[in-house]
Number of protein chains: 2
Amino acid sequence: MSISSRFAVGIHILSLLGINQEDVNTSEYIAKSVNTNPVVIRKIIGMLKKAQLVNVRPGVAGAELAKDLSDITLLDVYKAVNVVQEKDLFGRHESPNPSCLVGRNIQTAIEPLFSSAQRALEKSLENVTIQDVVSDILKQEESVAGQNQREC
Amino acid sequence: MSISSRFAVGIHILSLLGINQEDVNTSEYIAKSVNTNPVVIRKIIGMLKKAQLVNVRPGVAGAELAKDLSDITLLDVYKAVNVVQEKDLFGRHESPNPSCLVGRNIQTAIEPLFSSAQRALEKSLENVTIQDVVSDILKQEESVAGQNQREC
DNA sequence: ATTACATGTAACATAAATAGTTACAAATAA
DNA sequence: TTATTTGTAACTATTTATGTTACATGTAAT
């Protein structure tokens with residue numbers, strides 16, 4: 001099991017939009033950077049749009065950030081791309097036997113534990129913004145300056 | 001996406017073994033409490049055994065705890081049942097375009113962020129033991145005392 | 001208006017993982 | 001030797017992620 005790569009791709013897209021603010025970032029262009037199909041990008045951008053993180057319009061080329069880079073946390077992206085349902089990072093086994101001591105109480109016992117682990121994860125994601133990611137990308141690039149040809 | 005219910009079932013099994021220490025807990029018996037197939041239980045018990053959390057022997061009926069309840073954390077169980085590979089709670093998108101500024105740096109930028117979120121989750125799981133779960137189960141049962149018939 | 005082009009979506013194709021099931025070999029105790 | 005249980009292989013069904021083709025719809029520019 002792994003949390004869908006949609007999350008990673010979402011971060012990629014937003015970072016790209018942040019760095020290429022001048023350019024027209026079409027789904028085809030972004031797809032080349034991510035190295036996938038444009039339709040995959042459009043679907044994810046659709047989710048980011050619904051979460052009001054980007055602006056896109058049918059018929060008009062290019063997506064744009066709807067917020068400052070520093071106002072978008074990883075948690076925003078994580079929630080936007082729907083990799084995990086509200087309370088469901090951890091799967092539960094349904095219908096344990098109610099005529100068993102453990103069976104009838106396990107769900108209630110486990111729930112708060114799972115919730116708090118999930119919250120710990122989400123808080124960690126909330127502490128990082130896309131701006132942080134972009135800054136890190138630019139810093140890495142500096143450190144290998146000279147060899148940076150750019151196709152996109 | 002959800003983390004496999006194997007994790008929840010693993011917790012269920014260990015709690016049951018803790019509560020029914022006197023009894024002989026066969027896979028069939030446990031399966032009734034969890035409400036699933038005995039083979040599913042055996043597979044999970046096999047994982048718990050490999051992680052040295054339980055003792056079982058082929059031919060000998062019943063599984064037993066290999067440690068004190070208070071020495072088994074949820075993280076131990078989580079790792080035992082292999083719901084998540086070592087560094088892979090978050091899926092990455094493979095092969096982003098190396099001729100793009102973002103493409104060639106995104107992985108490195110994201111990795112530590114994902115790792116620390118995963119660590120936050122795991123630390124939360126590490127703070128809880130099966131003993132805590134069992135205590136909670138027994139406490140819940142008390143609060144509805146009187147109606148507690150037991151089939152298992 | 002027509003054209004060119006991009007977005008938005010439906011529909012489908014794999015592929016991988018989960019969960020369950022049947023069947024049976026191997027181990028053990030009585 | 002017999003009955004019972006664990007351990008596993010093999011198979012099925014279901015779900016989800018990801019990618020792909022195809023096309024309708026929206027927009028701007030000619």
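Excluded from the calculations below are hydrogen atoms, water molecules and symmetry mates; all remaining heavy atoms, backbone and side chain alike, are included. Each chain gets a letter, A, B and so on, in the order the sequences are listed, and its residues count up from 1.
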Please list every donor-acceptor pair under 3.5 Å in which a side-chain atom of residues 4-11 of chain A meets a protein atom from a residue at least two apart or in another chain.
residue: A/Ser4; atom: OG; partner: A/Arg6; partner atom: N; Å: 3.0
residue: A/Arg6; atom: NE; partner: A/Val81; partner atom: O; Å: 2.9
residue: A/Arg6; atom: NH2; partner: A/Val81; partner atom: O; Å: 3.2
residue: A/Arg6; atom: NH2; partner: A/Asn82; partner atom: O; Å: 3.3

For a quick check, with a 4.0 angstrom heavy-atom cut-off, what is the B/S/- contact string for nucleotides 15-30 of chain D, read 5' to 3'? --SSBBBB---BSS--
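When the P atom of C/dT18 is taken as reference, atom CZ of A/Phe90 falls 15 Å away, rounded to whole Å. We find that CG of B/Asn55 is positioned 16 Å from C1' of D/dT5, with the value rounded to whole Å. Note: CD1 (B/Ile44) to C1' (C/dT21) measures 15 Å, nearest angstrom. Between B/Ile41 atom CD1 and C/dT21 atom P the separation is 12 Å, expressed in whole Å. The interatomic distance linking B/Asn25 (CG) with D/dT5 (C1') rounds to 14 Å, in whole Å. The CD1 atom of B/Ile45 sits 16 Å away from the P atom of C/dA19 (whole-angstrom rounding).
Residue contacts for B/Gly91: at a heavy-atom cut-off of 4.0 Å it reaches no nucleic acid atom on any strand shown.
Qualifying side chain to side chain contact (heavy atoms under 4.5 Å, CB included) partners for B/Asp68, counting only residues two or more places apart in sequence or in other chains: B/Ser70, B/Asp71. Among residues two or more places apart in sequence or in another chain, the side chain to side chain contact (heavy atoms under 4.5 Å, CB included) test is passed with B/Val40 by B/Thr36, B/Asn37, B/Ile44. Partners of A/Ser135 according to the side chain to side chain contact (heavy atoms under 4.5 Å, CB included) rule, which considers only residues two or more places apart in sequence or in another chain, are A/Gln131.
At the phosphate of D/dT6, neither OP1 nor OP2 sits under 4.0 Å from any side-chain N or O atom of B/Lys49.
Hydrophobic clustering (ILVMFWY, side-chain heavy atoms < 4.5 Å, transitive): A/Ile45 and A/Val39 are in distinct clusters.
Applying the salt bridge (Lys or Arg N to Asp or Glu O under 4.0 Å) test to pairs two or more places apart or on separate chains, those with a residue in residues 107-136 of chain A are A/Arg92-A/Glu111.
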